Participant: 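Please see the structure below; I have some questions.
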Amino acid sequence: MYQSDYKMITVKKNEITVSQYLDIRAQVGWRALLQEQAEKALANSLLVIGAYDDDRLVGMGRIVGDGAVICYVQDLIVVPEYQKKKIGSMVLTTLIDYVESLKLTESQMMLCLMCAKGREPFYEKHGFVARPTIELGPGMIQYLRD
């Protein structure tokens with residue numbers, strides 16, 4: 001249990017259902033997924049974190065990647081009426097701690113993400129660096145569509 005600015009929020013691992021995942025994405029206006037896409041996305045995640053107010057899913061985040069060299073924060077979502085209550089920080093901190101636990105001794109692991117425009121300050125306060133930098137080029141993306 002975590003204390004957010006809202007009330008007691010319970011964080012659970014790997015319990016989000018496909019219907020909950022599709023619903024929370026819809027609540028924030030994200031692109032709809034096929035049922036099969038959602039099933040595969042959850043099944044192939046290294047970790048799925050859900051933040052619950054009683055039984056209601058109010059926030060979530062996933063870790064995807066190889067678990068040794070690189071991992072990505074994916075689908076960090078907080079439903080609108082629960083935003084700005086530290087729930088996103090609780091979920092992100094839980095995800096970061098998980099990836100830290102995977103890191104091999106005397107190794108380095110990359111933890112990456114792509115964030116919505118304007119959300120950079122949230123991630124920067126959690127130790128992420130916006131690209132490009134002097135050392136790192138810009139992040140890039142390609143959409144594969146039918």
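Quick caveat, the model's predicted, so the values are computed rather than measured. Here, residue 1 is the first one in the sequence, and each next residue gets the next number.
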Participant: When you look at CD1 of Ile134, are more than 12 heavy atoms from neighbouring residues, nucleotides or ligands closer to it than 6.0 Å?
Facilitator: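 Open: at most 12 neighbouring heavy atoms sit under 6.0 Å from CD1 of Ile134.
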Participant: Look only at the side chain of Ser89 and the backbone of Lys86, and say whether a donor-acceptor pair between them is shorter than 3.5 Å.
Facilitator: no
Participant: Only counting residues at least two apart or in another chain, list the ones meeting side chain to side chain contact (heavy atoms under 4.5 Å, CB included) with Tyr98.
Facilitator: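 By the side chain to side chain contact (heavy atoms under 4.5 Å, CB included) rule, Tyr98 matches Leu46, Leu47, Ile63, Ser101, Leu102.
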Participant: Any link between Leu42 and Ile24 through a network of hydrophobic side chains (Ile, Leu, Val, Met, Phe, Trp, Tyr) touching at under 4.5 Å?
Facilitator: yes
Participant: Please tell me if the side chains of Asp75 and Tyr21 come closer than 4.5 Å, counting only heavy atoms from C-beta onward.
Facilitator: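 Result yes, sub-4.5 Å side-chain heavy-atom pair found.
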Participant: Are Leu111 and Val69 joined in one hydrophobic group, where the rule is that I, L, V, M, F, W and Y side chains link up if heavy atoms are under 4.5 Å apart?
Facilitator: no
Participant: I'd like to know if the side chain of Gln20 and the backbone of Thr17 have a donor-acceptor N/O pair within less than 3.5 Å.
Facilitator: yes
Participant: Got a second to check how far Leu92's CG is from Asp97's CG, nearest 0.5 Å?
Facilitator: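 So the gap between those two atoms works out to 9.5 Å.
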Participant: Would you say that more than 12 heavy atoms from the other residues, nucleotides or ligands in this model lie under 6.0 Å from the NZ of Lys13, or not?
Facilitator: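 Not more than 12 within 6.0 Å, no.
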Participant: Walk me through whether Asn44 and Val64 qualify under side-chain contact (heavy atoms from CB on, under 4.5 Å).
Facilitator: CA-CA 7 Å; Asn44 290 323; Val64 298; over 6 Å; no
Participant: Which pair of heavy atoms, one from Pro80 and one from Val28, lies closest together, and at what distance?
Facilitator: CD-CG1, 4.0 Å
Participant: Between Asn14 (side chain) and Val48 (backbone), is there a donor-acceptor pair under 3.5 Å?
Facilitator: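 Yes, the answer is positive, given that a donor and an acceptor are paired below the 3.5 Å cut-off.
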Participant: I want to check something: taking the side chain as every heavy atom from C-beta on, are Leu76 and Tyr123 in contact at a cut-off of under 4.5 Å?
Facilitator: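 Yes - at least one pair of side-chain heavy atoms lies under 4.5 Å apart.
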Participant: Would you say Phe122 has more than 12 foreign heavy atoms packed within less than 6.0 Å of its CZ?
Facilitator: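 Yes - once you tally the heavy atoms of other residues, nucleotides and ligands closer than 6.0 Å, there are more than 12.
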Participant: Compare every heavy atom of Pro132 with every heavy atom of Pro138, then report the nearest pair and how far apart it is.
Facilitator: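 Looking at all heavy atoms of both residues, the shortest contact is N-CB, 3.7 Å.
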Participant: Not counting sequence neighbours, list each pair that qualifies as a salt bridge (charged side-chain N to carboxylate O under 4.0 Å, His left out) and has a residue in residues 34-50.
Facilitator: Glu36-Lys40
Participant: Under 4.5 Å between side-chain heavy atoms, counting indirect links through other Ile/Leu/Val/Met/Phe/Trp/Tyr residues: same cluster for Met114 and Phe128 or not?
Facilitator: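 Hydrophobic grouping puts Met114 apart from Phe128.
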Participant: Under 6.0 Å from the CZ atom of Arg131, do we count more than 12 heavy atoms belonging to anything else shown?
Facilitator: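 It does: Arg131 CZ has more than 12 such atoms within range.
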Participant: Return the minimal non-hydrogen interatomic distance between Glu124 and Ala130, and the atom names on each side.
Facilitator: OE2-CB, 3.6 Å
Participant: Check the pair Ile77 / Trp30 against side-chain contact (heavy atoms from CB on, under 4.5 Å), numbers first and verdict last.
Facilitator: CA-CA 10 Å; Ile77 302 170; Trp30 284 11; 3.5 Å; yes
Participant: Does Arg62 use its side chain to pair, donor to acceptor, with the backbone of Leu95 at less than 3.5 Å?
Facilitator: no
Participant: Do you know the tightest heavy-atom contact between Ile70 and Tyr72?
Facilitator: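 Closest approach of Ile70 to Tyr72: CD1-OH, 3.1 Å.
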Participant: State, yes or no, whether a side-chain contact exists between Asp53 and Tyr82 at a heavy-atom distance under 4.5 Å.
Facilitator: yes
Participant: Between Thr94 (side chain) and Met90 (backbone), is there a donor-acceptor pair under 3.5 Å?
Facilitator: yes
Participant: Answer whether the closest heavy-atom distance between the side chains of Val91 and Met60 falls below 4.5 Å.
Facilitator: no
Participant: Give, for atom CZ of Arg31 and atom CZ of Arg25, the distance between the pair rounded to the nearest 0.5 Å.
Facilitator: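 Here the rounded value is 6.0 Å.
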Participant: For Cys71 and Val99, which heavy atoms make the closest approach, and how far apart are they?
Facilitator: CB-CG2, 4.1 Å
Participant: Kindly work out whether a path of hydrophobic side-chain contacts (I/L/V/M/F/W/Y, heavy atoms less than 4.5 Å apart) joins Met109 to Leu113.
Facilitator: yes
Participant: Is there a donor-acceptor pair under 3.5 Å between the side chain of Gln83 and the backbone N or O of Val78?
Facilitator: yes
Participant: Where the side chain of Asp54 meets the backbone of Arg56, is there a donor-acceptor pair that is under 3.5 Å apart?
Facilitator: no
Participant: Assigning hydrophobic clusters by single linkage (Ile, Leu, Val, Met, Phe, Trp, Tyr; side-chain heavy-atom cutoff under 4.5 Å), is Val18 placed with Val79?
Facilitator: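 Both belong to a single hydrophobic cluster.
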Participant: Considering all heavy atoms of both residues, which atom of Ile96 and which atom of His126 are nearest to each other, and what is their separation?
Facilitator: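 Nearest heavy atoms, Ile96 then His126: CD1-O, 4.0 Å.
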Participant: With distance as the sole test, does Ser45 use its side chain to make a donor-acceptor pair with the main-chain N or O of Ala41 at under 3.5 Å?
Facilitator: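 Pair found, side chain donor or acceptor close to backbone of Ala41.
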